[in-house]
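Remarks on the structure that follows.
Here, residue 1 is the first one in the sequence, and each next residue gets the next number. Since the model is a prediction, treat every value here as computed from it, not as a measurement. Values below: every heavy atom of this structure, side chains too, minus hydrogens, waters and symmetry copies.
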Amino acid sequence: MKIAHHNPKKKSLYLYFIFITISLLPLVTAPIALFLGLLFALTNKNPFPNFNKLISRCLLQVSIVGLGFGMNVHESLKTGGNGIVFTIISVVSVMFIGVFIGKYFKIDKITSYLISSGTAICGGSAIAAVGPLTKADQNQISISLATIFILNAVGLFIFPLFGKLLDLTQHQFGVWAAIAIHDTSSVVGAATTYGKEALQVATTVKLTRALWIIPLSLATAMIFKNKDEKLQIPWFILLFIVAMLINSYFQLPKIFTSYIVYLSQRLLILTLFFIGAGLSRTSIAKVGIKPLLLALFLWCFITITSLVFILKFY
């Protein structure tokens, strides 16, 4: 009887570390890591809840800093110059519409804000950046990430099909994919299917759009700060800017910056496991379909408006 009493705890401990190890494997993607975390949360009790919460927050912030070494200010401004007005309008409109509809659907303000941020800019990276600033808990971050990743998976397959159907050029498709598909990994996947030029355009435009993490983070810090709390620019956003400037103005070895970006992407993927594993069965049961409907509406909005813009100006 005594051994049986301890078996569930040992099982949870073993599975916890096994899933962490799996999440570190190169072939494991962000959605898979989050799914593993959710699977663990549904079937086991987290053996280290406090550690899980701390490590997920720290890794999120560290990975955002590392991604700055993949950004180049000069290339981003050059590529994004043509569509800067549309970018501003689309980012601001998605944020406002998302929060408004979220309120109508009676989704909590933070979850609506995170889903809107992920749709407006660059999916999981944007949610990772603004999540700590909104003081979001793991449940809110996980719900937002899960809805975005579902649509990412769909976009990866259907965008090339619609691109061919609409007879979009390589350049047009690259711009469209970069604006309308959330995460960079799915943008790259869809653009690779479409063609070499589409991949080059999509990657550059997506990185340009990711620069909007900076003003969004600053705005988020102001919106969600307490009345008696002084506005503080988050350290990881400052370091993200520093990393981006270093990569832009100093000729660092390509192999060095590429390795940092890759490592940061892997850390971000591992973080998604910790976020998923930090949930409880009760919190998962409360998710419902409303966040997914919100994300789907915003996705359709940015997909259609960006396509109209591209067909007219590109």
Side-chain angles (χ1 to χ4, degrees), residues 34 38 56-57 60 85-155 179-183 209-210 212-229 231-232 234 237 272 275-276 278-309:
L34 182 62
L38 293 172
S56 61
R57 184 174 69 249
L60 269 175
V85 174
F86 175 76
T87 299
I88 294 172
I89 294 173
S90 64
V91 170
V92 173
S93 60
V94 166
M95 294 303 300
F96 274 105
I97 293 172
V99 172
F100 176 78
I101 294 178
K103 188 175 181 180
Y104 178 79
F105 280 171
K106 296 182 180 179
I107 303 171
D108 71 89
K109 180 182 177 181
I110 291 177
T111 301
S112 299
Y113 192 90
L114 293 179
I115 292 174
S116 302
S117 301
T119 305
I121 304 179
C122 52
S125 298
I127 294 172
V130 302
L133 306 178
T134 62
K135 302 175 179 64
D137 58 33
Q138 289 185 321
N139 184 39
Q140 291 164 325
I141 293 177
S142 184
I143 290 171
S144 305
L145 288 169
T147 55
I148 292 297
F149 287 146
I150 289 171
L151 298 182
N152 266 335
V154 174
I179 294 174
I181 301 178
H182 305 89
D183 274 341
R209 201 169 179 84
W212 285 85
I213 286 178
I214 298 170
L216 178 65
S217 298
L218 297 176
T220 303
M222 289 189 291
I223 293 169
F224 286 89
K225 79 178 184 70
N226 298 326
K227 291 182 179 179
D228 299 329
E229 184 182 11
L231 177 62
Q232 294 181 338
I237 295 299
L272 298 181
I275 289 173
L279 299 178
S280 65
R281 296 180 187 181
T282 304
S283 61
I284 293 173
K286 291 180 180 178
V287 172
I289 197 172
K290 289 182 179 180
L292 182 59
L293 290 176
L294 171 62
L296 181 60
F297 179 87
L298 292 176
W299 190 42
C300 291
F301 171 77
I302 193 66
T303 298
I304 294 171
T305 55
S306 60
L307 180 60
V308 171
F309 173 81

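Each ring pair (Phe, Tyr, Trp, His ring centres under 6.0 Å) pair with one or both residues in residues 125-144, not counting sequence neighbours, would appear here, but there are none.
For the side-chain contact (heavy atoms from CB on, under 4.5 Å) test, residues two or more places apart in sequence or in another chain that qualify with S112 are I107, L294. Listed by chain and number, the residues in a side-chain contact (heavy atoms from CB on, under 4.5 Å) with F297 are I97, I101 (sequence neighbours excluded). The side-chain contact (heavy atoms from CB on, under 4.5 Å) test applied to T220 returns Y113, V130, L133, T134, L216, F224, not counting sequence neighbours. Every side-chain contact (heavy atoms from CB on, under 4.5 Å) that I302 has, sequence neighbours left out, goes to S90, V94, T119, I179, R209, W299, T305. Scored by the side-chain hydrogen bond (donor to acceptor under 3.5 Å, both in side chains) test, T111 finds D108 as partners (sequence neighbours excluded).
To the nearest 0.5 angstrom, L292 atom CG is 6.0 Å from L151 atom CG. Rounding to the nearest 0.5 Å places OG of S306 at 10.0 Å from CD1 of I181. Interatomic distance, C122 SG to I213 CD1, rounded to the nearest 0.5 Å: 3.5 Å. For the atom pair NZ of K290 and CD1 of I143, the computed distance is 12.5 Å after rounding to the nearest 0.5 Å. N139 contributes atom CG, which lies 9.0 Å from atom OG of S144 (distance to the nearest 0.5 angstrom). From I121, atom CD1 reaches atom CD1 of I127 across 10.5 Å, with rounding to the nearest 0.5 Å.
When all heavy atoms of A120 and M95 are compared, the closest pair comes out as CB-SD, 4.1 Å. Residues V99 and S116 share a closest heavy-atom pair of N-OG, 3.8 Å. Annotation for I141 and A136: closest pair CG1-CB, 3.8 Å, computed over non-hydrogen atoms. Heavy-atom minimum distance, G118 versus I148: C-CD1, 4.1 Å. Between K135 and Q140 the shortest heavy-atom distance is O-OE1, 4.5 Å.
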